[in-house]
Amino acid sequence: MADRKPIESWLTDMDGVLIHEGVPIPGADAFLKKLKESGRPFLVLTNNSIYTPRDLHARLRRMGLDVPIENIWTSALATAKFLDVQRPCGSAYVIGEAGLTTALHDIGYILTDHEPDYVVLGETRTYSFEAMTKAVRLINDGARFICTNPDETGPSTEGPLPATGAVAALITKATGKQPYFAGKPNPLMMRTGLNAIGAHSETSAMIGDRMDTDVLAGMEAGMQTFLVLTGLTRADQIENFPYRPSHVVDSIADLVDRI
């Protein structure tokens, strides 16, 4: 592998890297503490658009992990950033929770079901047939289809749950329109995140537990990538992909001394 510049900034996924089913992964607290002590820019990323950064800060703190609000970057924020550039002060019909609606309100968007510029689909635990039907009709009438992330399933203590990508597929089947996904593996999410902390891809690293989102997004954004084996990807699955992470480690604990 070609020599890379020293890592000055760190981006890390949350589920499967720092926490697993609501419990911190051993070494996560030490990694975050070392990052803050070093003064290096960092972000904790998640494709989950349900929660605001303030919500996630509180949830992580209850688990014993202290991540400042400004160091949390969600697919909802990436979606809002994208829409603010594409069509400032536009309008959207939103299927999602507070993380997404708050992000859109903060950029001055009007949330409406009357001739919206966009239909924006995010994560929610209460998908309704009525809301999906309305989304289909609005897209057929000309609204552009945006989705926070392509994840087809999400984790829970009871097992996998249908997620945004699965619902997006339903709407696509009904409309014939593919959404634009703003979250991982779209490198847009990584680049907007890097911009938010004033970091550069050549001196940044992405840590994740998924080859198809975390590693792919980091690679396409030009960063070093670290795959941890505490989440969804097993070591024997890496060869199933046509690309490789820069490094494979057992867990986040193995990266504390790299900061």
Side-chain angles (χ1 to χ4, degrees), residues 10-38 40 42-77 96-100 122-126 148-149 151-166 183-185 189 193 205-215 217-218 225-238 245 247-259:
W10 292 85
L11 279 66
T12 176
D13 187 36
M14 186 169 67
D15 291 307
V17 179
L18 301 178
I19 61 174
H20 178 67
E21 295 183 353
V23 178
I25 290 172
D29 54 345
F31 181 79
L32 292 170
K33 182 180 179 182
K34 187 81 174 287
L35 272 178
K36 286 184 286 186
E37 289 175 348
S38 73
R40 296 184 186 279
F42 75 96
L43 277 181
V44 173
L45 294 90
T46 177
N47 258 359
N48 191 318
S49 64
I50 290 179
Y51 305 107
T52 66
R54 188 179 300 274
D55 296 334
L56 289 171
H57 165 76
R59 289 169 66 87
L60 290 168
R61 195 163 194 175
R62 285 197 297 271
M63 299 177 202
L65 301 178
D66 187 14
V67 181
I69 294 171
E70 61 270 20
N71 293 104
I72 297 174
W73 192 249
T74 71
S75 64
L77 294 176
E97 302 288 343
L100 181 56
E123 208 76 60
T124 176
R125 295 291 182 258
T126 56
T148 56
N149 68 87
D151 297 33
E152 296 170 352
T153 61
S156 79
T157 54
E158 293 82 22
L161 295 172
T164 314
K184 298 178 294 183
M189 181 171 176
M206 174 65 196
I207 311 165
D209 70 310
R210 292 183 60 151
M211 289 288 292
D212 58 346
T213 55
D214 305 319
V215 170
T225 55
F226 290 83
L227 178 73
V228 296
L229 302 177
T230 49
L232 291 178
T233 305
R234 302 188 311 268
D236 62 356
Q237 295 175 316
I238 297 173
H247 312 274
V248 180
V249 297
D250 289 332
S251 77
I252 192 74
D254 298 308
L255 299 179
V256 176
D257 291 338
R258 285 184 174 260
I259 299 173

Exercise. Out of curiosity, Ile19 CD1 to Glu21 CD, how far, rounded to the nearest 0.5 Å?
Worked result: 10.0 Å
Exercise. Does Lys36 have any salt bridge (charged side-chain N to carboxylate O under 4.0 Å, His left out) partners at least two apart in sequence or in another chain, and if so, which?
Worked result: Asp66
Problem set entry | Counterpart residues, side-chain hydrogen bond (donor to acceptor under 3.5 Å, both in side chains), relative to Thr225 (two or more places apart) | Ser246
For this session: To the nearest 0.5 Å, tell me how far Asp214 CG sits from Met211 CE.
Result: 10.5 Å
Problem set entry | Nearest heavy-atom neighbours spanning Asp13 and Leu45 | OD1-O, 3.2 Å
Problem set entry | With Asn48 via side-chain hydrogen bond (donor to acceptor under 3.5 Å, both in side chains) - residues at least two apart | none
Exercise. Mind checking what makes salt bridge (charged side-chain N to carboxylate O under 4.0 Å, His left out) contact with Asp209, not counting sequence neighbours?
Worked result: none
Exercise. In Å, rounded to the nearest 0.5 Å, how long is the span from CG of Leu32 to CG of Leu60?
Worked result: 8.5 Å
Exercise. Would you say Asn47's side chain and Lys184's backbone share a donor-acceptor pair under 3.5 angstrom?
Worked result: yes
Problem set entry | Parallel, tilted or perpendicular, as decided by the 30° and 60° cut-offs, for the rings of Phe31 and Trp10 | perpendicular
Exercise. Listed by chain and number, what are the side-chain hydrogen bond (donor to acceptor under 3.5 Å, both in side chains) partners of Arg59, not counting sequence neighbours?
Worked result: Tyr51
Problem set entry | Spatial distance of atom CG (Asp250) from atom CG (Leu227) [nearest 0.5 Å] | 10.5 Å
Exercise. Which pair of non-hydrogen atoms, one from Ile238 and one from Pro245, has the smallest distance, and what is that distance?
Worked result: CG2-CD, 4.0 Å
Exercise. Where is the tightest heavy-atom contact between Glu97 and Ile50, given as atom of each residue plus distance?
Worked result: CB-O, 3.6 Å
Exercise. For Arg210, which residues count as a side-chain hydrogen bond (donor to acceptor under 3.5 Å, both in side chains) partner, sequence neighbours excluded?
Worked result: Asp212
Exercise. Does Arg234 have any salt bridge (charged side-chain N to carboxylate O under 4.0 Å, His left out) partners at least two apart in sequence or in another chain, and if so, which?
Worked result: Asp236
Problem set entry | Non-hydrogen atoms of Asp151 and Ala163 that approach each other most closely | O-CB, 3.2 Å
For this session: Indicate the atoms forming the closest heavy-atom contact of Thr164 with Glu123, along with that distance.
Result: OG1-OE1, 2.8 Å
For this session: Please identify each residue that fulfils side-chain contact (heavy atoms from CB on, under 4.5 Å) with Ser251, with sequence neighbours left out.
Result: Thr230, Ala253, Asp254
Please output the side-chain donor-acceptor pairs of residues 67-74 that fall under 3.5 Å, not counting sequence neighbours, one pair per line with the distance.
| unit_1 | atom_1 | unit_2 | atom_2 | d |
| --- | --- | --- | --- | --- |
| Asn71 | ND2 | Phe42 | O | 2.8 |
| Trp73 | NE1 | Met189 | O | 3.3 |
| Thr74 | OG1 | Ala76 | N | 3.3 |
| Thr74 | OG1 | Leu77 | N | 3.1 |

Exercise. Which atom names give the shortest non-hydrogen contact between Ile252 and Ile25, and what distance separates them?
Worked result: CG2-CG2, 4.4 Å
Seminar exercise, completed: Rounded to the nearest 0.5 angstrom, the NE2-CE distance for His20 and Met14 is 13.5 Å
